[in-house]
Protein chains: 2
Amino acid sequence: MAKPVTILDVAALAGVSKSAASLALRGTGYVNEAKRRAVLDAAAELGYRPNAAARALGARRSGIVGLILDDLRNPWFVPAVEGLSDGLHSAGLRPLLGDWRLEGAPLVERFLELRVEGIVLVGTLDGAEAALTGIAAPVVQVGSPQAQAPGAAVVTNDDAEGARRVVRHLAALGHRRVAHLGAPGTAVGDARRVGFEDESRRLGLEHRTVGAGLTEEAGYRAGRALLAETDRPTAVFAVNDMAALGVLSAAGDLGLSVPADVSLAGYDDTPTARLRAVGLTSVDNASGEAGRVAAQLLADQIAGAAGAGVAVLLAPELKARSSTAPPPAAR
Amino acid sequence: MAKPVTILDVAALAGVSKSAASLALRGTGYVNEAKRRAVLDAAAELGYRPNAAARALGARRSGIVGLILDDLRNPWFVPAVEGLSDGLHSAGLRPLLGDWRLEGAPLVERFLELRVEGIVLVGTLDGAEAALTGIAAPVVQVGSPQAQAPGAAVVTNDDAEGARRVVRHLAALGHRRVAHLGAPGTAVGDARRVGFEDESRRLGLEHRTVGAGLTEEAGYRAGRALLAETDRPTAVFAVNDMAALGVLSAAGDLGLSVPADVSLAGYDDTPTARLRAVGLTSVDNASGEAGRVAAQLLADQIAGAAGAGVAVLLAPELKARSSTAPPPAAR
DNA sequence: GTGAAAGCGCTAACAC
DNA sequence: GTGTTAGCGCTTTCAC
């Protein structure tokens, strides 16, 4: 490759000093209009591209924010990243993505070496606490109610409220015997279970919770066992869409039709749930909005404003689809 | 935050020179074993974290590779990224991700300013040619057969062969009247259509191709029209899984059962297709392997070996599931 | 073998 | 107002 063009070359071509070129290029400070033009033209002509490393070193700030995604395979994070990208850009910060599942703790290290100005945790990162303890950069997390780094700000939807809305929806359809497939030991699982149980009790529904997990496999197993019982519930609320899809498969295996024989609801409103062929009733967890709020929070912290430890709860929204209907008895 | 600790602090604590510390830390060159230990201990004690910007500036290389994903929403790229991550790490390169749909051309610019040592294009990037023309970094692309940057190496699966396998599968099941929902104007669409038509002709099947697109919506529309005809095909092969899911919905709307009334196949073997509740016959496009090969190719190019313009075709694999079965007449 | 010194490309105080 | 200069933190060549 040709010898790289530096700001010195630009300055020389434009006939100005190095620092004048720097100022002109960046629009900071005051520069003679004629020289400004000359610098810009020279830069364009030479195809000048600033060196981010040099800039970061000189300016003592990188302008980048590291986004750590819990798992690329589960696309629930997409709206969150969109919101974050939006919010960060308008704060003059640039996001860079990495996958926790694929890279783990070294990813954090790498971001820190890049001197990112902040880190955003998207989703639930297994065992990230250690890697995130004692770091200088501000941390904001979206999508998990449990702080995964000391002092991290948390932005997420109100899982308990979302679960309550599902229960109300099922009750309104006429269901009296409902079940919840939970994910014990996870923060989202606990919150959703609590919401489910509270609201079921309040409405006087016959209800029960069984442990499952956050994956399709877990939902399939638990669903299979649950739906095989003689006094099976008329409606099942799974902790998330993946698990709900597992239940859907289990129902199919058992010859049960959804929603004719059993109604089914999930959580997260994933693209898969929205597919017409699936049509899973779910809860929109407002992750796009969460991303936007998180970006703002992080920008504030970077700018020096307080905000560490803040927790923001967003209102979730029920998305009723074809997987829920009145119970068989009520027909 | 506390004053950042630099390599100077480490050297001082260890009682050695700055350069000795640098050598020891990185394992390059020869350093007295005792000093080596001293440096490492000092670094650990101080919590020293090298500054990537300074390192990149001094070493004149960043060690990072930019991965540009076409669209985070379509999770087909996950195996490719896994393969890439693997391959790059073992070549001593570190991947950083960005989303083309969200950021567009400025993302390329940003990577270039970071002086990435290479760029990987994952999927089909709309209108990326301009942003990728005339750049110095080597470019490798995976998942799209059509070169999106001058001289880019291409690693992808053999789409025509995959389509042929689908046709053979359908023919073996007894289907004689088949249709293809294509994506005209896209490279993958063209290749799959050609494979479909060639093999159908070779096997003497009654076949036709109708234009659709790569999205669920496109598949739904085209599927709806196609399946409403009186002499509808007994099997439909959609250009990808998303489109096939659209067809699945269309069939449901029309009261047709899959696979009893009509068989259905897609392409890409996405996680959604694999869901038990969906069970869509599809084609594994070997994207994990493609990622690994692409990483190797890129590493070679970075190391100075040739490889620009190379094209590698991987063998796809049919994944038969419950959406394909013998045609009604043959039952 | 080891340490001193000269950059790497850019920013930002600070004189002129 | 504009240009000069001293770093930023690390690598690496090159004398000792």
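Residue numbers start from 1 in every chain, and the chains themselves are labelled A, B, ... in the order their sequence lines are given, proteins ahead of strands.
Remark: B/S17, B/K18, B/S19, B/A20 in residues 15-25 of chain B come within less than 4.0 Å of DNA chain C through at least one heavy atom.
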If you apply the rule side-chain hydrogen bond (donor to acceptor under 3.5 Å, both in side chains), what do you find for A/N285 with A/S287, and how did you get there? CA-CA 5 Å; A/N285 56 22; A/S287 57; 3.3 Å; yes

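Taking the charged nitrogens against the carboxylate oxygens, A/R94 and B/E109 have no contact shorter than 4.0 Å, which rules out a salt bridge. Salt bridge status for A/R36 with A/E33: present, with a side-chain N to carboxylate O gap under 4.0 Å.
Between A/F77 and A/D71, the shortest heavy-atom distance links the atoms CE2-O, 3.6 Å.
Two residues are said to be in side-chain contact when any heavy atoms from C-beta on lie closer than 4.5 Å; B/L96 and A/L114 meet this criterion. Using a 4.5 Å heavy-atom cutoff, the side chains of B/D86 and B/R292 are in contact. Counting heavy atoms from C-beta outward, B/L13 and B/E45 have side chains that approach closer than 4.5 Å. In this structure, B/V122 and B/W76 have side chains that are in contact, with non-hydrogen atoms separated by less than 4.5 Å. For the pair A/I7 and A/S22, the minimum side-chain heavy-atom distance is below 4.5 Å.
Put simply, chain A comes within 4.0 Å of DNA chain C, heavy atom to any atom, from C/dG9 to C/dA12, going 5' to 3'. Chain B approaches DNA chain D within less than 4.0 angstrom (heavy atoms of the protein), and the contacting nucleotides run 5' to 3' from D/dG9 to D/dT12.
Without hydrogens or angle criteria, B/W100 side chain to B/D126 main chain gives a donor-acceptor distance under 3.5 Å.
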